[in-house]
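Contents: one structure, followed by commentary.
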There are 2 protein chains.
Amino acid sequence: MSLRHALLALLSAGPLTGYDASRQFGSSVGHVWHALDSQIYPELRKMQAEGLLTARQVPWGTKGATKTEYSVSPEGYEALRAWQREPLAYVPVRNPARLKAAYFEWADPGDARRQLESHIAHFEHQRDLAQQVIDEIRSESQPTLQRRLSTTAPQQRERIMRFKEFAHGGTVDQAEQEIAWARRGLALLNELGDLG
Amino acid sequence: MSLRHALLALLSAGPLTGYDASRQFGSSVGHVWHALDSQIYPELRKMQAEGLLTARQVPWGTKGATKTEYSVSPEGYEALRAWQREPLAYVPVRNPARLKAAYFEWADPGDARRQLESHIAHFEHQRDLAQQVIDEIRSESQPTLQRRLSTTAPQQRERIMRFKEFAHGGTVDQAEQEIAWARRGLALLNELGDLG
DNA sequence: CCAGTCATGTAAGATGTTACATGATTCC
DNA sequence: GGAATCATGTAACATCTTACATGACTGG
């Protein structure tokens, strides 16, 4: 059900059309919970059907076309708070990189090395992305955050920004840790190469 | 397709019945790739149908009953090596704990605190589990690893153990990092509490 | 002979991925 | 007038979870 909470969180910053929600998703909450358009549109409709969102047709263009704008209903805000009240259900471990590394004896050393190198490249990219997000938060240049802050009492703004920084800071740390792990793996391959 | 690779890895240590595979799964490869019995049994059959495993009926008990024992076929071993040759497809981020933390402004401080405390408890448990696995590897007391090592040339044994240690070491590091992150979150809540 | 565990699943549903589809509008 | 992007999906498939089912065997 996390997609639902991600969407509530996104729309809690203010109403959005389905299209705008899809676009802004990727550059805000999508950094911690990825989803594709093909999931977002149907989920928005389902949430509206269940009363978490209210929908309104707004004009689009000059020729009488419309698009759907969604807002969080009182029930939706309550669902957001209820979610925060519930303990988080931890999902069982399912880590493809660790799985592969545990059975590197089936790889030849060159392939194992390449795995680890692309692991490093991947998480360097993740780290840089998350660091960018943090910079955008600090500079208040992120559109979704701007909408969020504009409807918030000044005393609350600090909290909101600090929580987001904290969350994305976790992503940075995790990326650093994965990079350090993969480097240890490369060192191990070197060591075993010398032995064999 | 990782379940398939996890099962190939498990059975590469030697033949197992479906039931034994299900049991041993949890105490070996299941530490990096979780799966339930209801997934394992059907997947073993599918893998046999596709020629990755060979099945053999072995007697069970004294009254003529049988059970199915699976072994990795040559095609299965090739699939295992092919998997190690392919680059890993990184899945998009989907992190419920980070998602929740990014929107802690919707939680009251007590609930946010409880989230972080159970985050710490969860990863302390993960860390201890992974540390146990590492100890079992070092002491060669893990049954699946014993089967694996017993069919391996002595020069290769070191490699196998070091790779597994390395993989589970990553789980330990990740757990430590999550614990440190959550502690920073608790400190942040304290700080914001003082401000508000 | 009865409890436990061995042995093997099925069925329904939730969630997510991949690939494709289509028309409207705006900007150059 | 054509390209880009706005707007909104659907269909098929894969994967995983939850809940349930059932009979055989073993040890006390």
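Order of the sequence lines fixes the chain letters, A, B, ..., with proteins taken first and strands second; residue numbering starts at 1 for each chain.
- Scanning residues 18-26 of chain B for heavy-atom distances under 4.0 Å to DNA chain D yields an empty list.
- In summary, A/E140 and A/R157 do not engage in a salt bridge, as defined by a charged side-chain N under 4.0 Å from a carboxylate O.
- Between the CG atom of A/D37 and the P atom of D/dT5 there is a distance of 15 Å, given to the nearest Å.
- Here salt bridge (Lys or Arg N to Asp or Glu O under 4.0 Å) pairs that include residues 49-58 of chain B, with residues two or more places apart or in two chains, are B/R4-B/E50, B/R56-B/E69.
- Screening residues 111-123 of chain B for salt bridge (Lys or Arg N to Asp or Glu O under 4.0 Å), with sequence neighbours left out, gives B/D111-B/R114.
- Legend: residues meeting salt bridge (charged side-chain N to carboxylate O under 4.0 Å, His left out) with B/D128, ordered by chain and number and at least two apart, are absent.
- Applying the side-chain hydrogen bond (donor to acceptor under 3.5 Å, both in side chains) test to residues at least two apart or on different chains, the pairs with a partner in residues 13-30 of chain B are B/T17-B/D20, B/S22-B/D37, B/R23-B/D37, B/Q24-B/T144.
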Set out, line by line, the N/O atom pairs under 3.5 Å between protein and nucleotides 25-28 of chain D.
none

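- B/K100 forms no cation-pi arrangement with A/F163, by the criterion of a distance under 6.0 Å to the ring centre and an angle within 45° of the ring axis.
- The OH atom of A/Y41 sits 10 Å away from the P atom of D/dC6 (whole-angstrom rounding).
- Side-chain contact, A/Q57 with A/T68: a donor N or O sits under 3.5 Å from an acceptor N or O.
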Just the atom pairs and distances: protein N or O near nucleotides 13-16 of chain D's N or O, under 3.5 Å.
| from | atom 1 | to | atom 2 | distance (Å) |
| --- | --- | --- | --- | --- |
| D/dT15 | OP1 | B/M1 | N | 3.4 |
| D/dC16 | OP2 | B/Q39 | NE2 | 2.9 |
| D/dC16 | O3' | A/R94 | NH1 | 3.1 |
| D/dC16 | O3' | A/R94 | NH2 | 3.4 |

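- Grouping the Ile, Leu, Val, Met, Phe, Trp and Tyr side chains by contacts below 4.5 angstrom, directly or via other members, places B/I40 with B/L53.
- Residues in residues 40-86 of chain A take part in these ring-ring contact (aromatic ring centres under 6.0 Å, His included) pairs, two or more places apart or across chains: A/H5-A/W83, A/Y77-B/W106.
- Residue pairs meeting the salt bridge (Lys or Arg N to Asp or Glu O under 4.0 Å) criterion with at least one partner in residues 70-79 of chain B, sequence neighbours excluded, are B/E78-B/R81, B/E78-B/R85.
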Side-chain donor-acceptor pairs under 3.5 Å in residues 175-188 of chain B, sequence neighbours left out?
| from | atom 1 | to | atom 2 | distance (Å) |
| --- | --- | --- | --- | --- |
| B/E178 | OE1 | B/R98 | NH1 | 3.0 |
| B/E178 | OE1 | B/H119 | NE2 | 2.8 |
| B/E178 | OE2 | B/R98 | NH1 | 3.3 |
| B/E178 | OE2 | B/R98 | NH2 | 3.0 |
| B/W181 | NE1 | A/F166 | O | 2.9 |
| B/R184 | NH1 | A/D173 | OD2 | 3.1 |
| B/R184 | NH2 | A/D173 | OD2 | 3.0 |

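- Contact footprint of chain A on DNA chain C: nucleotides with an atom under 4.0 Å from a non-hydrogen protein atom, first to last in 5' to 3' order, C/dT15 to C/dT26.
- Residues of residues 76-93 of chain A that place a heavy atom closer than 4.0 Å to DNA chain D, in numerical order, are A/P92.
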